[in-house]
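Step one of this worksheet: look at the structure below.
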Amino acid sequence: MRRFLRPGHDPVRERLKRDLFQFNKTVEHGFPHQPSALGYSPFLRLMAIGTRSGAIKLYGAPGVEFMGLHEENNTVMQIHFIPDQCQLVTLLDDNSLHLWSLKQHGGASELQEEHRFTLKGPPGSPPSATQVTAVLPHSSREVLYLGTESGNIFVVELPSFRVLEDRTITPEAVLQRIPEDNCNRRSCELVEALREHPKNPDQILIGYSRGLIVLWDLQNNKATHHFLGSQQLENLYWQRDGSKFISCHYDGSYTQWPVSSDNRQPEPLENTVPYGPFPCKAISKIYWQTTKNGLPYIIFQGGMPRASYGDRHSISVIHGSQQTAFDFTSRVIDFFIIFSSDPAAEFDDPSALVVLAEEELVVIDLKSAGWPAVHPPYLASLHCSAITCSHHVSNIPLKLWERIISAGSKQNIHYSSMPWPIDGGTNIAPDPPQRDLLLTGHEDGTVRFWDASGVCLHLLYKLSTVRVFLTDADPNDNMNTLGEDEWPPLRKVGTFDPYSDDPRLGIQKIYLCKYSGYLAVAGTAGQVLVMELNDEDAEHVVDHAEADLLQDQEGYRWKGHEKLKTRDGPVQFEAGFQPFVLVQCQPPAVVTSLALHSEWKLVAFGTSHGFGLFDHQQKRLVFVKCTLHPSDQLALEGPLSRVKSLKKSLRQSFRRIRRSRVSSRKRRGGGGNASEVQEANAKFDQDALQEMELAPVQRKIEARSAEDSFTGFVRTLYFADTFLRDSSRHCPSLWAGTNGGTVYAFCLRVPPAERRMDEPVRAEQAKEIQLMHRAPVVGILVLDGRSTPLPEPLEVAHDLSKSPDMQGSHQLLVVSEEQFKVFTLPKVSSKLKLKLTALEGCRVRKVTVANFGSCKTDDYSENDLAVLTNLGDIQIISLPFLKLQIRYPCIRKEDVSGIASCVFTKYGQGFYLISPSEFERFSLSTKWLVEPRCIVDMPELTSNNHVHNRSGTENAARKS
Amino acid sequence: MNRAQRGAAGSRGLGTMEFGAEFRRFSLERSKPGKFEEFYGLLQHVHKIPNVDVLVGYTDIHGDLLPINNDDNYHKAVSTANPLLRIFIQRKEDADYSAFGTDTMTRKKNVLSNVLRPDNHKKKPHIVISMPQDFRPVSSIIDVDILPETHRRVRLHKHGSDKPLGFYIRDGSSVRVTPHGLEKVPGIFISRLVPGGLAQSTGLLAVNDEVLEVNGIEVSGKSLDQVTDMMIANSRNLIITVRPANQRNNVVRNSRTSGSSGQSTESSLPSSTPNILGNLLQGEEDSDEEDIIIEDSGEPQQIPKAAPTSESIESLSQIELLHESTQNGFLPSSEMNLNHSAGSISMEYEVPEPGRKSLEEDGTIITL
């Protein structure tokens with residue numbers, strides 16, 4: 001027992017730890033993965049998105065967002081807001097209904113699931129009898145009408161979900177007054193749409209999938225009108241005054257029907273196939289919006305000519321002579337129109353079209369000429385092109401921030417200036433404490449700069465490196481420019497473009513110096529670009545150098561991709577970060593590590609072959625160091641040979657399968673009758689199963705050796721001004737760590753500023769440390785005399801950090817995947833270590849120094865290591881004593897891409913991808929917490945509020 | 001060629017020696033035996049064989065032939081002389097190593113078990129009986145005295161060996177006795193031994209042995225990948241505790257057990273003892289994992305431990321704390337310090353039991 005009271009469990013420290021560390025997953029940034037349903041409340045001005053994994057997310061004004069998760073994790077099929085309430089109903093694909101409420105709790109609103117309900121038919125009835133296909137929340141807010149596959153419409157009370165059986169609308173009742181020739185039980189199968197009359201809450205329009213439409217009087221429980229459509233029905237829409245409605249159909253047509261008291265069985269006013277005359281795809285949803293000038297907006301989804309444009313995901317807007325078919329790069333899930341919700345208003349006056357596509361949210365401004373897109377403040381498609389790396393920079397100086405925003409605003413001129421139309425709720429979160437940038441590198445050679453200060457991850461600026469290179473696809477060759485009289489009038493919208501022209505352009509490493517505005521990015525084909533921020537467009541030549549990392553080695557052949565070809569002559573760059581130096585590694589292997597020292601004007605880069613140092617002031621290569629083991633063919637030949645070996649192993653396994661098939665056939669013997677064959681098959685399956693059980697996954701236990709593959713892979717590079725050779729003089733140094741557990745230290749001589757251009761930068765290898773456990777080195781750090789990590793370049797010059805202590809002795813921290821080790825400097829002797837893998841069986845995947853402030857007092861903060869392991873745990877380890885402080889499970893260990901994508905901030909927050917399009921934000925700090933905090937108030941109810949029930953969205957989701 | 005010497009160690013001892021058929025007898029000062037090297041020189045001088053490498057052994061009070069190759073066992077030998085000390089000298093190149101230890105005819109089984117008892121260590125610390133330097137440790141069974149007899153703790157010395165560890169592990173399930181009766185629990189098993197690998201050549205590990213601990217850390221609850229990583233992280237000095245699939249070769253301890261317990265049924269690992277040892281193993285292992293530094297393209301050198309300056313004394317104490325805190329949660333130990341002081345000695349002993357004999361027949365080299 002005594003040991004538990006030892007200082008390791010010092011109660012004072014334990015208390016302090018509680019003031020410093022706290023784990024929270026705070027907010028999900030980006031676009032929901034696999035959205036499946038959309039809802040909108042014009043009353044709350046909130047939008048809801050459901051996903052295939054059962055999540056439901058509500059969005060209003062920037063910063064207003066809520067998230068809920070259905071326990072079942074089933075696909076959300078439909079979302080309906082209850083008119084004039086802070087409530088919504090979701091329908092899942094397991095036919096369950098869920099009632100969610102926004103409730104205020106502790107000064108902020110929260111989304112809670114209140115009730116769930118599954119419609120049950122009489123015993124023995126088929127499941128289709130109660131399979132819900134259409135949901136209508138009535139404006140009385142007391143009942144839900146549920147249309148089913150069987151044609152029955154059930155009525156359930158809210159919020160209890162009690163079925164009011166006596167009010168069920170049966171097909172039999174509907175058919176009573178229908179003319180004989182249409183009186184067919186099958187005409188009432190499957191309720192496709194339910195729509196309440198906009199002026200008279202006692203009437204609802206019922207649309208059956210075979211084309212029959214009925215206006216039903218709820219008071220008298222009878223059908224008042226019948227509309228006999230000849231085509232399979234897709235959807236219905238009431239015009240604002242209730243005198244007409246529109247039906248849209250499977251054959252790509254829509255029909256306008258009059259509703260008057262004198263004709264109980266009216267003929268259609270107009271039947272149009274907008275993209276006829278050739279066969280067209282279905283129009284699955286339609287809006288008819290009235291305007292003051294008399295010309296309506298007709299907005300519908302689909303309807304494209306089947307043969308030529310059947311594969312397009314389009315939404316067409318027709319307004320008088322203007323017609324545009326917005327063409328989306330991914331499937332349209334659903335859409336809604338934002339229009340005047342004032343019940344007294346005579347016209348709809350639509351202002352915006354909001355489209356949820358599978359991979360992005362697109363909002364079109366219908367008020368401005370040309371119908372430009374609106375730049376969404378949230379739900380950014382992070383994955384427009386696949387994310388290949390991320391880099392976070394905390395506490396951006398205001399000047400740089402403004403310059404980046406200004407560069408970005410020049411890129412956004414084609415966006416509408418309309419304020420964000422979905423603006424419900426109030427963001428009550430405190431202002432973000434500082435300006436943070438998240439930079440994402442993408443497969444298409446772009447780097448996106450995101451405002452990561454607050455809850456809304458917002459695109460500030462997009463940088464493309466493509467211009468520097470000659471690629472197969474000419475950027476001027478725009479496939480989307482269509483002639484004036486092109487028909488249909490397609491217009492590409494959205495930014496999602498998953499197809500990369502050339503994977504070599506992919507960005508692998510990013511380093512931004514926030515003080516100088518220098519940016520270094522490195523990519524898949526060994527390219528390293530150094531850039532400077534320029535507020536103006538400019539045309540200039542990019543200096544080009546090659547770094548031959550295999551200098552001393554001969555007779556090797558690189559079998560991977562070729563290096564990128566560069567453009568000759570000056571290149572036109574838009575305002576923003578403009579490259580001025582390009583270094584290309586030879587062989588052009590992917591750049592695996594990158595470091596930039598903006599004060600010394602040096603950039604270091606590493607690949608699987610070695611590393612190099614480039615002086616970007618003098619534009620001169622200082623040195624290269626080959627780290628490749630001569631026998632390491634795999635690393636040498638590049639990615640292709642790995643593909644080959646994969647192919648080989650695939651081929652082998654196929655061969656194995658074939659062999660086992662053959663042997664099973666033999667076993668079958670001569671008998672040809674079916675039962676025998678079946679038996680043999682069963683036996684074979686059983687044998688195969690047994691074989692699988694007998695040969696489970698095995699793991700080879702072998703010590704790492706110098707001859708292993710990829711030991712020369714450079715994992716980390718680090719610049720430090722420290723005592724490398726003797727304890728009296730410190731000097732600039734470059735440190736590199738490899739996959740094989742080797743650390744190289746180079747002593748650098750950087751000429752003083754006044755002679756910086758005159759004398760060359762010199763480098764000399766001073767130390768080489770071989771860790772005997774040979775695990776990959778993932779981090780190198782020098783601690784000053786006060787055991788504080790050395791500041792970043794220029795941090796001291798900008799008075800943002802204390803000068804490092806150069807009096808006391810420095811220490812070197814080497815983090816490998818398995819161990820943390822502290823060595824003394826300049827004479828390297830081992831001081832202490834933490835053997836993480838030996839103790840816990842986990843390996844270090846990511847490590848960063850983070851500063852943790854106390855939530856109790858402003859004057860206490862400390863530096864610790866934030867570590868993510870291959871098991872998805874986050875551990876905080878103290879500096880300089882390497883004591884484990886706390887451990888939190890964060891990412892599932894199976895989620896390899898999530899773990900690989902994780903990036904820590906300098907103040908104890910972090911991001912990782914939970915899907916290709918979403919970052920989860922988490923916080924380890926009690927002090928730095930960015931999470932949504934917002935409030936949704938019930939807007940003042942107008943006296944005559946029933947008009948609100950025309951909830952802007954009627955879901956198009958149906959049986960499939 | 002054997003040489004034997006009888007040394008009588010009294011206040012003035014007389015030594016007899018045998019060289020081939022040759023004996024020498026001479027005296028030693030029991031109270032001031034001096035250093036082993038001096039003694040070795042004396043022997044060479046007495047026998048007039050100044051440049052011949054020899055192995056020196058003596059018979060202890062139980063009649064066992066034990067080696068003399070350092071100050072400690074030399075002092076021990078002298079102190080046990082009663083009054084005559086019989087010393088045997090063999091020429092090194094044709095030495096019969098198996099002459100030492102169990103093969104001595106009059107050997108009593110409990111000798112080493114007595115030595116292994118912790119209280120014995122306290123009285124006689126630093127007794128290191130080991131083979132001459134030109135023997136390389138390859139593997140050893142350790143901690144026999146504290147493990148259940150159904151378990152075996154095996155140390156694989158990768159250090160200095162060019163043999164691969166050479167084994168594979170897999171997931172599996174084993175049956176355990178729990179308070180709720182027999183339960184099937186997931187476990188990690190050895191699935192394959194690579195021919196010629198260290199694991200196979202020791203003969204101490206076999207396919208389907210269940211892995212219970214890696215360097216003192218229990219593997220239950222850990223995934224195959226985690227255990228793999230732990231083993232690789234410890235690969236330079238890997239200590240695996242297994243429950244052998246074949247329970248017939250288990251070590252039977254006469255000193256502690258009575259009768260049939262050698263064939264004891266499956267018993268669950270006592271949770272406390274192995275972990276204590278585990279901790280010890282972790283600490284002990286540090287010595288043989290020295291990183292290497294090359295300064296200014298000079299010769300590779302081992303990185304020394306930092307001298308504990310006034311500043312780093314603080315940090316060292318912190319390391320110890322760290323060590324504890326990281327292991328916390330599965331480290332209930334009041335005996336810890338005791339074991340710490342008992343130190344690394346017990347680890348180094350080979351256990352002279354029947355189980356070993358069969359192994360020797362396989363030609364396996366086992367360290368003392």
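Atom set for the values below is all heavy atoms of this structure, side chains included, hydrogens, waters and symmetry mates excluded. Just so we're on the same page: letters track the sequence lines, and every chain starts at 1.
- Using a 4.5 Å cut-off between heavy atoms, A/Ala766 touches chain B through backbone and side chain atoms alike.
- Ranking A/Arg774, A/Arg725, A/Glu817, A/Lys893 against chain B, the residue ahead of the rest is A/Arg725, based on heavy-atom pairs under 4.5 Å.
- When A/Glu818, A/Glu768, A/Glu764 are compared by the number of non-hydrogen pairs under 4.5 Å with chain B, A/Glu768 comes out ahead.
- Heavy atoms of A/Thr837 lying under 4.5 Å from chain B belong to its backbone as well as its side chain.
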Passes salt bridge (Lys or Arg N to Asp or Glu O under 4.0 Å), A/Arg13 versus A/Glu862? Steps please. CA-CA 12 Å; A/Arg13 179 66 195 164; A/Glu862 62 176 48; 3.0 Å; yes
Let's go through A/Val815 and A/Val777 carefully: what are the C-alpha distance in whole Å and the side-chain angles of both, what is the deciding distance for side-chain contact (heavy atoms from CB on, under 4.5 Å) to 0.1 Å, and is it a yes or a no? CA-CA 6 Å; A/Val815 182; A/Val777 176; over 6 Å; no
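- Remark: A/Asn739 pairs with A/Arg715 by the side chain to side chain donor-acceptor pair (under 3.5 Å) rule, at least two apart or across chains.
- In this structure, the side-chain contact (heavy atoms from CB on, under 4.5 Å) partners of A/Lys625, at least two apart in sequence or on a different chain, are A/Phe611, A/Phe623, A/Thr627, A/Tyr744, A/Phe746, A/Gln765.
- Heavy atoms of A/Leu871 lying under 4.5 Å from chain B belong exclusively to its side chain.
- In the model, A/Gln811 has a side-chain atom that pairs as donor or acceptor with a side-chain atom of A/Ser787 under 3.5 Å.
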